[in-house]
Each structure stands twice: as structure tokens, then as C-alpha cells.
Amino acid sequence: MQNINKNLTLHILIAMVLGIIIGRLFSLGVSETDDTLINLIVFNLSLKEFFVEGLFNVGGSIFITSLKMLVVPLVFISLVCGVCSLNDSAKIGRLGAKSIGLYLFTTAIAITFAISIALIISPGEGMNLTPAQDYHAKQAPSFAQVIIDMFPSNPINAMAEGNMLQIIVFSLLFGIAMALSGSAGARIAGLFEDLNKVVMRMVTILMGLAPYGVFCLMAKLFTYLELAEIAQLAQYFITVLVVLFVHALITYPSLMILLGKLNPLPFLIKMKDTLMFAFSTASSNATMPITLNTVTKKLGANNSVASFTIPLGATVNMDGTAIMQGVATVFIAQVYGIDLSFADYVAVLITATLASVGAAGVPGVGLILLAMVFQQVGLPVEGIALILGVDRLLDMTRTAVNVTGDAAVTCLIAKSEKQLDESVFNATDKQLALMEENNSKMG
């Protein structure tokens, strides 16, 4: 098991690097210097079309779709199992309050860091950029409407559309009803436990195919990635990356030490595979099966907690997006020469923190929330067009930060509920393999 884990990490890393190299090579074939010999021989358009638009596009799309395929059944089955196993019905309320409270708290810290560091670095000072295109923001729903929309009128339709909040609510109600249904509920609970094992086995199978999917995703992305735009916005790009790394490597570990009395080093080491998944897919939802597998199997969080906090975090935890909003607010204000007061920055902090829950589940949520923040403090919304060119690569990084937050909060809540197996949390890969071998012999 230890060798498998090491090999998977190494293979994903190699696939990522090779994908980036191949993508940059193919990007030469779509430049304006197609008259050169190397472009004529190696990087002609037909070759690019076969590999990038054909092989890489198909391989990457199948990988992402396969991960998303597991999200709905995994969340529904795992959450029903978790809720059904709870002996204390009040625990659901505690889990909800603790989860949302911690997610909002880390989001507030994230945007505070973002604004503070951006004001120190001043990424937009002296820049005279103009938007390359108009940006028209979508209207985000009100908080009241989000609360109403959490309750599904048709749970099957909610699952078909992948509406995570509605799936969570229905799963909670279904699990509670099972727990209260006596022998009938117990019989169905046994079936769900078996289904949960089967779905987790599917996750393991997909993890084995990850290097191929990651290679295809990286190769296609870096074929079309405009490095010139990243160079033009280098200060903004670097500022966002700095805050993302500070939040992931300082904020979360500090909370684990202060609130959970946990050693963050095993946590960060065991999250490496999950973070590479998150980075390559740029989707918390697509990474959710891997995240849930990691926190339950490698970090020791009980499924009754993880099955609730991970789907909720993938839906409402916006730490990475909040960081982008904070830096982007300072950047755009400086580019347009607009002075924002301390009260404006406080308004940004409050708006972005509360909106991380209020606009959950809306497509393109990051840019929608950013438009809301800009409108709140009187910044031109069309300024968002300035940062669109580099947003894809930053989106991949902030997804990794969001997933780290989901797992960290899960471990903290599991510890507070006495549902964290610290022997598993602190165990090395070799020790985990021995534990798994002993459990299989006993089973």
C-alpha cells in the first residue's frame, strides 16, 4: 500500500510535468511563426488537431466526467450512512453550526490576508491597463432565495442536476427517517453500507487512472494558456499565489494546532494526492470523491462527520475565491486610481464572507461574487475583464486551497466530536498499510 501511494504521487507529478511540456510544445504550432521548419514538420495544425483537440481533449474530458459521475451517488450514499449511524439526533445541528461557522471564519481570515498583503505589494500601482472586453456579471440570488432553494421539490431532479445543497438536505432527511424506522431502516442501512464500499472501490479504481487524465488536462490547458497575459499581470498573479500559499500553509496548520491540538505535518503530507487532483481538475466537486476517501481512510475522520462536512465545504467553502476577490479589489482600485477607505475594505470583507454561502451553487460563482464585491464598493465591474486571461491557472490553485480547507475543517470538527482516530491521523503510509492488512485479516 505504501509503494502504491508513493507510485501514484510520483506518477501524477510526472504526468503533470510532461503534460505542461507537451502543451507548451504544441502551443508553438499555433503561433504566427508557422513558416519555420520545425512548425511545418512537427507542429502542423493537423497534428495539433489530432492530439490536442482529439486525444487530450477526449482523455481529459472522460477523466473529469468520471469523477463527477461519482459525486452524486457518493454524497447521497455516504451521507445517508453517516446520518443513520448517529445516535444523537442533536449532533446534526451541531455539525451544521460548527461546519458553517468554521468555513465562514476561515473565509474571513482569507480575505483579510488577501487585502492586507495586496495593500503591501500594491500589484496595480502604476499600471495603465484597459479591459480587453466588456464583462457582464450574472445576477446572484438573494440569501433568502438560496435558503428556499436548498429544499428540493424533486430530489431525483436535484440529483440529475447535481444540486449539492438540495442533495445534502434530502440525504439528511432520508438518513434520519431510516434511523427512526426500526428494523426496516436497519435492513436498508445494511444495503447502503455495502453500496458505500462499492462506490469507494470505484474511487480507488479512478485514482489509478489519474496520471493519464492529469496528463491530458495539463497538455490541453498549456497549449492554449497565454503566458504573455500572465507576464503582463505578473504582480497580480504573484500576489494571489503568495496569499493562497500563506493561507494553505499557515492559516490551516495554525488552526489545527490551536483548535484541534493536531500535528499539521501528517495532514499536509497525506493531502498531496488530493491537492494534485484538485489542481488538475480545478473543481472542488470533481475532487470530492478523492477528498472524502483521503479524510476517512488516511486522516481518520469518521464517515458520520466527513460525509456531511466535505460535500458542504465543496459547496460553500470559498477561501480561495475570497483571496482572489480581496487581491482583485485592491488591484482594480489601484489600476483605475480609485481610493478605497477602511470602511470600503470592511464592506468587502463582510460581503465576500457572507456571499460565499449566499451564492453557493451558482455557475461561475467566483466571478459573480467578485462582481457583487465591486458593486458594493463602487469599482467598475468591467475591470473583471482585465484578470480573466490569468484566472484559469489561478482557479486551479485556489481549488487546491479550497479542498485543503474542506479537509482541515473536517478533521477539526471530527476531533471536537470525538470522531477522529488520531492513530490513523498520525500514522505513516507504512503504518496505515499494516492497519489495513490487520483489519482485512480480522474481517
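Quick note: residue numbers are just sequence positions, from 1.
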Looking only at heavy atoms, which two atoms of [X] and [Y] are closest? And how far apart?
X      : Y      : result
Ala114 : Ala322 : CB-O, 4.5 Å
Tyr345 : Leu340 : CE1-O, 3.6 Å
Ala400 : Leu275 : O-CD2, 3.4 Å
Ile20  : Met218 : N-CB, 4.0 Å
Thr239 : Ala118 : CG2-CA, 4.0 Å
Leu268 : Pro253 : CD1-CG, 4.3 Å

Nearest 0.5 Å, please: how far is [atom2] in [Y] from [atom1] in [X]?
X      : Y      : atom1 : atom2 : result
Leu119 : Gln334 : CG    : CD    : 7.0 Å
Ile188 : Ser181 : CD1   : OG    : 7.0 Å
Ile156 : Glu161 : CD1   : CD    : 12.0 Å
Asp406 : Asn317 : CG    : CG    : 4.5 Å
Asn154 : Met159 : CG    : CE    : 10.0 Å
Asn293 : Arg201 : CG    : CZ    : 9.5 Å

For Met318 and Tyr103: C-alpha separation, side-chain torsions, deciding distance, then whether side-chain contact (heavy atoms from CB on, under 4.5 Å) applies.
CA-CA 8 Å; Met318 301 278 178; Tyr103 284 136; over 6 Å; no
Mind checking whether [X] and [Y] have side chains closer than 4.5 Å, heavy atoms only?
X      : Y      : result
Ile257 : Pro264 : yes
Leu394 : Arg398 : yes
Pro152 : Asn163 : no
His247 : Val401 : yes
Leu173 : Met178 : no
Met200 : Thr204 : no
Met271 : Val403 : yes
Leu102 : Leu412 : yes

Could you tell me whether a side-chain N or O of [X] sits under 3.5 Å from a main-chain N or O of [Y], the two making a donor and an acceptor?
X      : Y      : answer
Asn196 : Phe192 : no
Lys298 : Val424 : no
Asn302 : Val305 : no
Gln166 : Asp149 : yes
Lys272 : Ile269 : yes

Evaluation steps, side-chain contact (heavy atoms from CB on, under 4.5 Å), between Phe277 and Ile12:
CA-CA 9 Å; Phe277 270 94; Ile12 292 177; 3.9 Å; yes
What pairs with [X] under ring pair (Phe, Tyr, Trp, His ring centres under 6.0 Å), at least two apart in sequence or on another chain?
X      : value
Phe308 : none
Tyr236 : Phe331
Phe222 : none

Evaluate side-chain contact (heavy atoms from CB on, under 4.5 Å) for Tyr212 paired with His11, printing each intermediate quantity in order.
CA-CA 9 Å; Tyr212 306 101; His11 291 165; over 6 Å; no
side-chain hydrogen bond (donor to acceptor under 3.5 Å, both in side chains) partner of Thr107, the single match among Asn402, Asp319, Thr112
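With Thr107 as partner, side-chain hydrogen bond (donor to acceptor under 3.5 Å, both in side chains) holds for just one option, Asp319.
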Evaluate the side-chain contact (heavy atoms from CB on, under 4.5 Å) criterion for residues Lys415 and Phe425: first the C-alpha distance (whole Å), next the side-chain angles of each, then the deciding distance (0.1 Å), finally the verdict.
CA-CA 11 Å; Lys415 176 69 182 293; Phe425 182 92; over 6 Å; no
Given Thr274 and Thr294, is the side chain to side chain donor-acceptor pair (under 3.5 Å) satisfied, shown in steps?
CA-CA 7 Å; Thr274 307; Thr294 299; 2.7 Å; yes
Residues in salt bridge (Lys or Arg N to Asp or Glu O under 4.0 Å) with Lys98, at least two apart?
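For Lys98, the residues satisfying salt bridge (Lys or Arg N to Asp or Glu O under 4.0 Å) (neighbours in sequence not counted) are Glu417.
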Could you tell me which residues satisfy salt bridge (Lys or Arg N to Asp or Glu O under 4.0 Å) with Asp344, sequence neighbours excluded, listed by chain and number?
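Testing Asp344 for salt bridge (Lys or Arg N to Asp or Glu O under 4.0 Å), a comparison that skips the adjacent residues, returns none.
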If you apply the rule side chain to side chain donor-acceptor pair (under 3.5 Å), what do you find for Asp421 with Ser423, and how did you get there?
CA-CA 5 Å; Asp421 189 338; Ser423 64; 2.4 Å; yes
May I ask you to check whether Phe56 and Phe215 place their ring centres under 6.0 Å from each other?
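Phe215 vs Phe56: aromatic centres under 6.0 Å.
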Hey, can you pull the donor-acceptor pairs under 3.5 Å for the side chains in residues 64-76, sequence neighbours left out?
residue	atom	partner	partner atom	Å
Thr65	OG1	Ser61	O	2.7
Ser66	OG	Ile62	O	2.7

Side chain to side chain donor-acceptor pair (under 3.5 Å) evaluation trace for Thr287 with Thr281:
CA-CA 7 Å; Thr287 313; Thr281 62; 3.1 Å; yes
